[in-house]
Asks: 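Let me give you the structure first, and then I'll get to my questions.
Lettering follows sequence order; numbering is per chain, from 1. This is a predicted model, so every value here is computed, not measured.
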Amino acid sequence: MNKIQSGDLNNIREKRVHEIKKFKAALMVCAGTGCVSAGSFKLKDLLEKELKERNLDNEYMVVPTGCNGFCAQGPIMVIQPDGIFYQKVKPEDIPEIINKLIQGKYVEKLLYKDIETGNYIPKMENIKFFGKQQLIALRNKGIINPENIEDAIARGAYNSLVKALKMKQQDIIDEVKGSGIRGRGGGGFPTGVKWEIAFKTSQEKNVIPYIICNADEGDPGAFMDRSIVEADPHTVIEGMLIGAKAIGASKGFVYIRKEYPLALERLEIAISQAKEMGLLGKNILGSDFNFDIKIHRGAGAFVCGEETALISSIQGKAGEPHQKPPVPAISGLRGKPTIINNVETWANIPVILDKGAGWFADIGSGDVSDSPWNGSSGTKVFSLVGNIEHTGLVEVPMGITLREIIYDIGGGIPDSRKFKAVQTGGPSGGCLPASHLDLSVDFDSLTKAGSMMGSGGMIVMDDKTCMVDVAKYFISFLKDESCGKCTPCREGLIALYQILDRITKGEGKDGDIELMEELSQTMSLASLCALGQTAANPVLSTIKYFRDEYEAHIKDKKCPAGVCKELISYSVNENCTGCTVCAKKCPVNAISGKVKEKHIIDPELCIKCGICYEVCKFDAIEIK
Amino acid sequence: MIEIIIDGKKIEVEKGTTILEAAKKLDIIIPAVCNREVVKAYGACRLCIVDVNDGNEIKMVTSCNYLINKEIEVFTQSDRVRKTRKMLLEMMLSRWPNVPMIKQFAADYGVTKPRMVHPLVDYSENACILCGLCVNACSEMVWEDIIGFAGRGENRRVVMPFEKHYEACIGCSTCANICPTGAIYMTDIPNKPADEKRIDKFGMKITEEMTLLDDQQCRMREVGTAHLTEIMNDYDLLPTTNYRFGSHKEAGKLHSDFFKSKFTQGLPDGCWLGCTMSCAKSIDNYELKSGPYKGQKVLVDGPEYETVAGCGANLGIFNPEFVIEANFYCDTYGIDTISYATGLAFVMECFENGILDKEKTGDLELIFGNEEAAMEILHQMGRGDGFGIIVGQGIRRMKKIFAEKYDLTDEQIQFMQDIGMEAKGLEYSEYVTKESLAMQGGYGLALKGAQHDEAWLIFMDMVNNQIPTFADKAEALHYFPMFRTWFGLMGLCKLPWNDVEPADNAETDEPAKVPGHVEGYVNFFSAMTGKEIDKFELIRQSERVYNFQRVFNFRLGYGNRKSDRIPYRSAGPVTIEEYESRAERYDKQLIEKWNYDIEGKTSKEKRDYLRKMREADYQKLCDAVYKRRGWDDNGIPTIEKMKELGMDLPEVVKVLKRA
């Protein structure tokens with residue numbers, strides 16, 4: 001492929017649009033990690049085969065796309081241009097899908113069924129899950145083939161780069177500053193301010209700064225960055241190019257975890273395609289701007305998402321955080337000014353340049369016209385997981401309420417259970433109770449409520465969730481993921497885990513809560529990096545909002561949610577019909593009873609595995 | 001200067017000072033486990049936290065790495081600070097209940113029994129407390145990374161790579177010495193020293209000096225010896241075009257900054273692993289331009305000063321790339337860079353003076369600055385063909401070969417004697433000695449030939465004028481060769497003796513000897529062997545060997561005044577051109593030192609008179625040195641001297657009786 005000039009982008013776009021138009025329809029098969037594991041690659045191959053066999057492959061095209069967001073319903077297929085949305089598509093559905101397609105109809109059984117009305121909804125845009133979303137970072141999800149740069153260009157990729165190449169460096173920075181965008185990785189530091197520091201420092205010191213894209217997403221239950229890279233790697237590359245132009249960098253790194261093989265592969269493909277076209281490398285688009293991107297694979301340490309640890313890791317050292325200041329924007333990679341932004345932040349940059357700072361600033365909450373610190377502009381991507389009807393990826397304007405996300409988009413709590421808490425901000429975020437459902441989702445409100453925005457993980461929990469157990473889970477994760485460099489984080493987490501473990505085993509004692517609060521305070525005051533400083537949040541927020549549950553464990557030796565094995569017992573109630581299923585399934589033969597008579601569980605033998613509870617069709621197993 | 005307040009006390013500090021340093025000046029003690037002056041602040045233990053009011057807010061920071069850059073007020077004992085420290089100590093004590101240092105700090109804060117039960121409790125008094133001092137000392141003090149942290153969180157531990165014994169560790173013991181709990185200790189010490197602790201102390205002192213002082217002194221770790229080029233050029237001591245001159249306008253091209261930019265490994269390349277000085281440097285991926293490996297990218301071990309000066313300035317080649325290439329091929333062919341350079345410089349001067357021509361050199365125009373010809377000679381030496389065969393035999397043989405083979409005049413033969421820079425058959429290393437009589441002795445009186453590793457006296461003699469009389473010079477030419485011989489006896493490197501010096505060295509009575517280090521070596525010997533010696537015995541140990549070697553040389557027909565002769569080029573200007581280039585200096589000396597009336601004298605007359613005087617001075621120097629060393633007029637050790645040293649072995653006495 002020849003290196004292209006700025007003007008060539010239009011030609012490529014028109015050519016590709018024309019090519020696509022030749023087809024009657026495009027079958028967009030979701031090939032995000034979720035759908036791939038549900039079999040979407042096989043689906044795509046079979047679709048192509050079927051179309052070919054029926055000589056339809058010139059009329060209909062099959063496009064593998066990035067994550068659509070509606071992961072729980074996968075594999076997902078969207079037929080464009082009409083936007084017909086199929087879910088849970090199986091290989092045997094293919095002939096019918098094609099038959100209907102030819103007839104201009106759709107397969108009803110594969111459509112999404114509205115939870116409230118029970119009606120089938122053929123078009124994607126009418127599904128509530130998608131309806132309330134506003135797509136900026138994810139604007140190309142499900143629409144392009146992420147492995148085809150021409151698809152991205154057809155959707156306007158690299159147009160903002162062309163614009164940036166004509167702008168003065170300070171003007172680009174001012175635009176980003178004016179948009180009010182704050183770091184999507186969790187810190188919430190104004191991106192433009194960070195860029196300006198790096199730009200000025202490198203000018204003063206006469207050194208070449210670096211650019212880093214942080215794709216080391218390590219929070220349990222979070223997959224925003226992975227999905228962005230999988231769905232639209234070119235927006236990340238374009239964002240980095242604009243950042244590089246703004247501060248004068250010539251080399252950038254993407255730090256991406258090795259556990260993301262698909263994202264890694266797509267990013268590699270995207271970079272090599274961009275290089276071939278001359279969108280990366282020397283004299284980009286015929287200008288005098290040079291920039292190259294190198295991929296650095298992370299080995300899966302959560303702490304390496306912390307910027308100073310990430311820099312250490314790139315430099316071949318142990319992924320351990322360093323004291324700030326100096327912040328990386330002043331002294332980062334190899335001692336040079338370095339801007340590290342998260343994948344999602346980079347993905348927003350081309351749109352900010354395209355539509356303007358004012359447009360972006362108008363989205364979201366607060367008024368950022370004076371200072372980015374006065375609000376949270378733009379949108380935020382969340383991965384919505386846990387006890388929620390619509391597990392998946394959503395992008396919503398800042399300032400939306402938790403209730404809107406969980407109920408309107410997420411479809412609420414399944415199995416008619418009650419909402420208990422939502423955990424935001426990754427493992428070191430906090431758990432917010434139902435009383436906070438109308439909280440505005442923005443950087444400052446979440447922090448004020450004892451949680452944080454984090455990078456966008458959102459774990460919804462129903463009333464069968466034990467909050468002490470939840471705190472223990474997150475503390476256990478953090479205990480293993482703390483780098484162990486500084487005393488409060490390393491030892492504090494070990495101590496917290498020990499205490500929580502005791503409490504969940506019924507060995508809690510008076511003073512445990514106070515000791516945990518004391519430990520937590522020391523951790524947040526004295527820890528070296530943000531991981532340690534926030535690591536106690538799961539404990540502090542659950543104590544704050546669910547103190548009675550702790551007390552039930554400690555004083556009454558009871559787990560109200562029925563989760564902590566040592567504190568619960570299983571028994572059979574009057575609903576028992578004597579069907580014998582539980583007795584047959586019990587792995588330790590702890591259940592006895594005659595057919596059609598009430599059964600009994602021997603508490604001495606019972607290992608509280610919960611299988612009887614799962615298999616009983618008559619709600620006859622009780623957990624106390 | 002910035003004025004800050006710590007616990008109500010005011011102090012002025014320089015910008016960039018840490019709070020911990022400032023507090024120390026006020027005698028305010030802040031507890032810290034992971035902090036030492038010799039390593040960078042690591043900020044791991046967090047015990048040194050303090051509250052800082054910077055005008056906007058009160059925030060908690062670690063005092064070890066908080067750099068003061070504006071007026072602040074610091075509280076080292078606020079309730080919040082005390083409470084946090086107490087909790088940190090409770091955490092530590094729960095894990096390491098018997099480590100004395102932790103116990104003491106904890107007791108100071110009223111913690112005796114932690115409330116937490118630690119799953120990894122370690123009851124050892126010598127438990128590793130993960131402070132990181134050992135890891136950072138290995139990296140920052142020794143510039144090695146033999147140990148590091150492995151594992152995260154509760155699995156964090158100090159290990160060698162892959163938790164196996166790492167051969168690269170030679171046991172410099174820095175980690176063990178800095179460890180505050182004794183978790184690291186030395187075992188299986190191969191030399192079985194009599195007093196291990198005493199040796200550790202000696203080693204640690206050098207390591208600490210390297211860490212704290214080298215950057216301000218010789219920058220040995222950073223650039224090795226390459227930085228000498230610019231210093232020598234500044235003092236007119238850098239040999240250019242076969243030692244004719246001591247400086248050159250193009251010498252800047254050989255500046256250490258260039259080589260530093262080429263030194264790619266960014267790590268010390270010690271002659272032996274664990275050396276904290278590690279002055280050897282190397283260049284990776286150098287693409288060769290000539291020879292059998294042309295076009296290949298190779299690793300070049302060097303260059304160091306002698307190679308830069310010899311292959312560069314002394315050949316009139318001011319191209320650092322040539323130096324690197326010559327360095328590589330000398331190493332590859334097994335040729336000494338000094339002998340190659342000094343030998344070829346001699347050849348070039350012969351060529352320029354008509355002793356050689358293209359016919360004799362196999363069509364090579366061996367003039368100063370001709371890189372291509374100079375490199376070709378090196379390859380010929382390596383291959384063993386062409387004119388390279390002759391050059392490869394060294395200056396002493398070349399002088400003989402040229403005189404026998406070519407039709408030369410007596411003047412030409414004498415000229416070769418004057419400019420052939422060898423003594424005892426060994427080519428001169430790369431210092432111009434013309435203005436330092438003591439250094440001429442340093443080269444000429446060295447047992448092995450013209451090498452400066454017995455005595456390097458140029459600065460003492462010429463620059464600082466510390467040894468003005470013959471007796472002073474003789475004393476220096478006795479003491480230093482003996483002292484430096486001792487390094488050979490012990491298998492030690494000379495460089496850590498005076499290429500890094502104690503901070504207070506200049507204030508001692510004999511700074512040139514580096515008394516602090518001499519004391520260290522005395523200690524080292526005594527601790528290693530268990531035999532207490534003093535600094536005089538140290539010299540006597542060398543004297544025994546040195547005199548024995550001299551007798552050995554004498555037995556083989558050398559080791560006398562005749563064999564101590566030096567080429568005149570090393571003592572003064574051979575040519576009129578040389579004289580005139582530094583006429584002011586020489587004229588002044590003729591008038592002031594020898595009361596010679598230069599009025600109306602030609603350069604030739606002045607040069608000849610100067611030569612007479614300087615050659616006589618060298619002989620007087622020999623007289624003085626022989627006397628000081630206990631040798632006879634012919635430079636041969638006396639039987640009495642050998643007796644005094646306990647070296648009057650029958651074989652030795654037999655040889656000396658012939659004298």
Asks: Look only at the side chain of B/Thr84 and the backbone of A/Thr522, and say whether a donor-acceptor pair between them is shorter than 3.5 Å.
Replies: no

Asks: Using non-hydrogen atoms only, which part of B/Ser94 is less than 4.5 Å away from chain A: side chain, backbone, both, or neither?
Replies: neither

Asks: In Å, rounded to the nearest 0.5 Å, how long is the span from CG of B/Leu130 to SG of A/Cys486?
Replies: 11.5 Å

Asks: May I ask you to check whether over 12 heavy atoms, not counting those of B/Glu37, lie within 6.0 Å of atom CD?
Replies: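 Not more than 12 within 6.0 Å, no.
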
Asks: In Å, rounded to the nearest 0.5 Å, how long is the span from CG of B/Asn155 to CG of A/Asp480?
Replies: 7.5 Å

Asks: Using a cut-off of under 4.5 Å for heavy-atom pairs, which of B/Glu90, B/Arg95, B/Met116 has the most such pairs with chain A?
Replies: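 Max contact count across the listed options: B/Arg95.
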
Asks: For B/Glu125, look at atom CD and say whether over 12 heavy atoms of other residues, nucleotides or ligands are found less than 6.0 Å away.
Replies: no

Asks: Between atom NZ of A/Lys324 and atom CG of B/Asn65, what is the distance when rounded to the nearest 0.5 Å?
Replies: 13.5 Å

Asks: What part of B/Arg80 gets closer than 4.5 Å to chain A, counting heavy atoms only: side chain, backbone, both or neither?
Replies: side chain

Asks: I'd like to know which of B/Met60, B/Arg46, B/Met91 tops the heavy-atom pair count under 4.5 Å against chain A.
Replies: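 Option with the greatest count: B/Arg46.
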
Asks: Looking at B/Leu120, I want to see if its CG is surrounded by more than 12 non-hydrogen atoms of other residues, nucleotides or ligands under 6.0 Å.
Replies: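 Check passes, neighbour count above 12.
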
Asks: Considering only heavy atoms, give the residues of residues 488-515 of chain A separated from chain B by less than 4.5 Å, sorted numerically, with 'none' for an empty result.
Replies: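 When heavy atoms of chain B are the reference, residues 488-515 of chain A contributes A/Pro488, A/Arg490, A/Glu491, A/Gly492, A/Ile494, A/Ala495, A/Gln498, A/Leu515 within the under-4.5 Å range.
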
Asks: Under 4.5 Å heavy-atom distance to chain A, tell me which part of B/Val117 shows up: side chain, backbone, both or neither.
Replies: backbone

Asks: Would you say that more than 12 heavy atoms from the other residues, nucleotides or ligands in this model lie under 6.0 Å from the NZ of B/Lys86, or not?
Replies: no

Asks: Among A/Gln521, A/Glu518, A/Lys485, which residue has the highest count of heavy-atom pairs closer than 4.5 Å to chain B?
Replies: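 It is A/Lys485.
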
Asks: Donor-acceptor pairs under 3.5 angstrom involving side-chain atoms of residues 145-152 of chain B: please list them, not counting sequence neighbours.
Replies:
| from | atom 1 | to | atom 2 | distance (Å) |
| --- | --- | --- | --- | --- |
| B/Asp145 | OD1 | B/Ser139 | OG | 3.3 |
| B/Arg152 | NE | A/Glu481 | OE1 | 3.1 |
| B/Arg152 | NH2 | A/Glu481 | OE1 | 3.1 |
| B/Arg152 | NH2 | A/Glu481 | OE2 | 3.1 |

Asks: Heavy-atom cut-off 4.5 Å, strictly under: side chain, backbone, both or neither for B/Tyr66 against chain A?
Replies: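 The answer is neither part of B/Tyr66.
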
Asks: If you count every heavy atom of other residues, nucleotides or ligands that lies below 6.0 Å from B/Gln216 atom CD, does the total exceed 12?
Replies: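 Yes.
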
Asks: Taking all heavy atoms of A/Ala526 and all of B/Leu88, pick out the closest pair and write down the distance.
Replies: CB-CD1, 4.4 Å

